[in-house]
Amino acid sequence: MSVMEKVRPASTPAVPREPRVTDEHGRRVRVWELALRYALLLAVLALTVGPFLWQLSTSLKGPTEDIYSSPPTFLPGHPTLHNYERVADTIPVWDYAFNSLKVAAANVVTNCVGAALAGYALARLRYRGRRAATLAFILAMLVPVEGIIIAQFTTMRELGLNNTLVGVVLPGCIGAMNVLLMRNAFLNLPYEIEEAAYVDGANVWQRFLRIAVPSVKGTLAVVAIFAFMGAWDDFLWPLIVLSDPDKFTLTIGLNYLHGTFANDERLVAAGTVIAVAPLIALFACLQRYFFRGVGEGAVKG
């Protein structure tokens, strides 16, 4: 054995490195910080999703199960859909849901179209009074609905739109928040893109429809979700403007379950799940566009 072989140290086995958890900036996150974050996320999840899961569980429980037991039982012993059938037998829930769907769909279309047009005008067009118009939309958000609801009702009565679904849609057809969301989305678009289109001969409508709108699909999805949720969940305004039971929306119709069958919480829970299900389906379809709305305006390659 040579001298070099004697003094050469034996190769030590490689020690496996512990995996590092980093944040979005590449900084290392300690284990206790990570555990605290997940604990807070689970607490928020329990507060937000927990009541809905409890209502869903209650709606699936049969008449023989005690929903007031202590400690409460979360999972139903014998799941049944009989409560949903009872809701349909008690009130014309599908007619009410169809009325709500018509109101919500009209609200989505009017808000997406109107907010996109107004937001583009506030962000891109040059005219006197643009800042004052933007300030007017901001101030409109500060006015509570209860403060103008009498004026809205008087206006609908003068227009002959009381007790109509058009009267339900018209006051909320374009929301100030949605206009400001679209304005900010259009402001994030690089001016160079529209300048190049202007040099190529594109007019304002062509730049709006072919360049601006396709670049803000995420924000449009946010506006659509907010408009649908606002119209679908609205209770006070349809209750004031509608008087014919055949034109009631779902939120007003479900109020009959609370009044007539207040002791049967299973029936109320089933009606609640029916009212929430379309919102979940809408968000599931638009969620990828919804989360893109934060970084709207980036140039795509």
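We count residues from 1, following the sequence as given.
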Does the side-chain contact (heavy atoms from CB on, under 4.5 Å) test come out yes or no for T134 and R131, once each step is laid out? CA-CA 5 Å; T134 304; R131 293 185 179 179; 5.6 Å; no
Are L282 and W232 side-chain neighbours, meaning at least one heavy-atom pair lies under 4.5 Å? no
Using only atom types and a distance under 3.5 Å, with no angle test, would you say the side chain of R207 pairs donor to acceptor with the backbone of A202? yes
To check you understand the geometry: which heavy-atom pair defines the closest contact between D246 and N99, and what is its length? O-ND2, 3.1 Å
For the OH atom on Y191, are there more than 12 heavy atoms of other groups (residues, nucleotides or ligands in this structure) within a distance under 6.0 Å? yes
Side-chain donor or acceptor of S100 paired with backbone N/O of L250 under 3.5 Å: yes
D234 backbone acceptor or donor facing T251 side chain under 3.5 Å: yes
In sequence, state the C-alpha distance, the side-chain angles, and the governing distance for F248 and L239, and then conclude on side-chain contact (heavy atoms from CB on, under 4.5 Å). CA-CA 8 Å; F248 282 174; L239 180 65; over 6 Å; no
For F98, is the CZ atom crowded, meaning more than 12 foreign heavy atoms sit under 6.0 Å from it? no
For the backbone of N203 and the side chain of Q206, can you confirm whether one donor and one acceptor N or O come within less than 3.5 Å of each other? yes
Compare every heavy atom of T110 with every heavy atom of C173, then report the nearest pair and how far apart it is. O-OG1, 2.9 Å
Sub-3.5 Å donor-acceptor pair from the side chain of W237 to the main-chain atoms of G167, do we have one? yes
Please answer whether the main-chain N or O of L53 pairs with a side-chain N or O of S57 as donor and acceptor at a distance below 3.5 Å. no
In the structure I gave you, are the side-chain heavy atoms of N178 and F137 within less than 4.5 Å of one another anywhere? no
Any heavy-atom pair between the side chains of L189 and R124 that's under 4.5 Å? yes
Looking only at heavy atoms, the pair that brings F208 and P214 closest together is O-CD, 4.4 Å
Starting from V143, walk the hydrophobic network (Ile, Leu, Val, Met, Phe, Trp, Tyr; side-chain heavy atoms closer than 4.5 Å) and list everyone else you reach, by chain and number. I148
Please set out all donor-acceptor pairs under 3.5 angstrom arising from side-chain atoms of residues 44-51, sequence neighbours excluded.
from, atom 1, to, atom 2, distance (Å)
T48, OG1, V44, O, 2.9
T48, OG1, L45, O, 3.3

Distance (rounded to the nearest 0.5 Å) between R183 CZ and L122 CG: 6.5 Å
Minimal non-hydrogen separation, A116 against F186, with atom names: O-CE1, 3.4 Å
Donor-acceptor pair, E65 side chain versus H78 backbone, under 3.5 Å? yes
With side chains defined as the heavy atoms from C-beta onward, is the minimum distance between R86 and N83 less than 4.5 Å? yes
So which atom in F74 and which in K61 form the shortest heavy-atom distance, rounded to 0.1 Å? O-CE, 4.1 Å
Assess whether atom CD1 of I150 is packed by more than 12 heavy atoms of other residues, nucleotides or ligands within 6.0 Å. no
If you count heavy atoms of other groups shown closer than 6.0 angstrom to CZ of R130, is the number above 12? yes
Take L60 and T80 through the test side-chain contact (heavy atoms from CB on, under 4.5 Å) and record every step on the way to the result. CA-CA 5 Å; L60 296 176; T80 178; 5.9 Å; no
Whether the side chain of D244 engages the backbone of N163 through a donor-acceptor N/O pair (distance < 3.5 Å, no angle test) should be reported. no
How far apart are the C-alpha atoms of F153 and N162, what are their side-chain angles, what is the distance that settles it, and do they pass the side-chain contact (heavy atoms from CB on, under 4.5 Å) test? CA-CA 8 Å; F153 178 78; N162 276 355; 3.6 Å; yes
Closest approach of A270 and V87, non-hydrogen atoms and distance? CB-CG2, 3.8 Å
From T155 atom OG1 to L170 atom CG, the distance as rounded to the nearest 0.5 Å: 9.0 Å
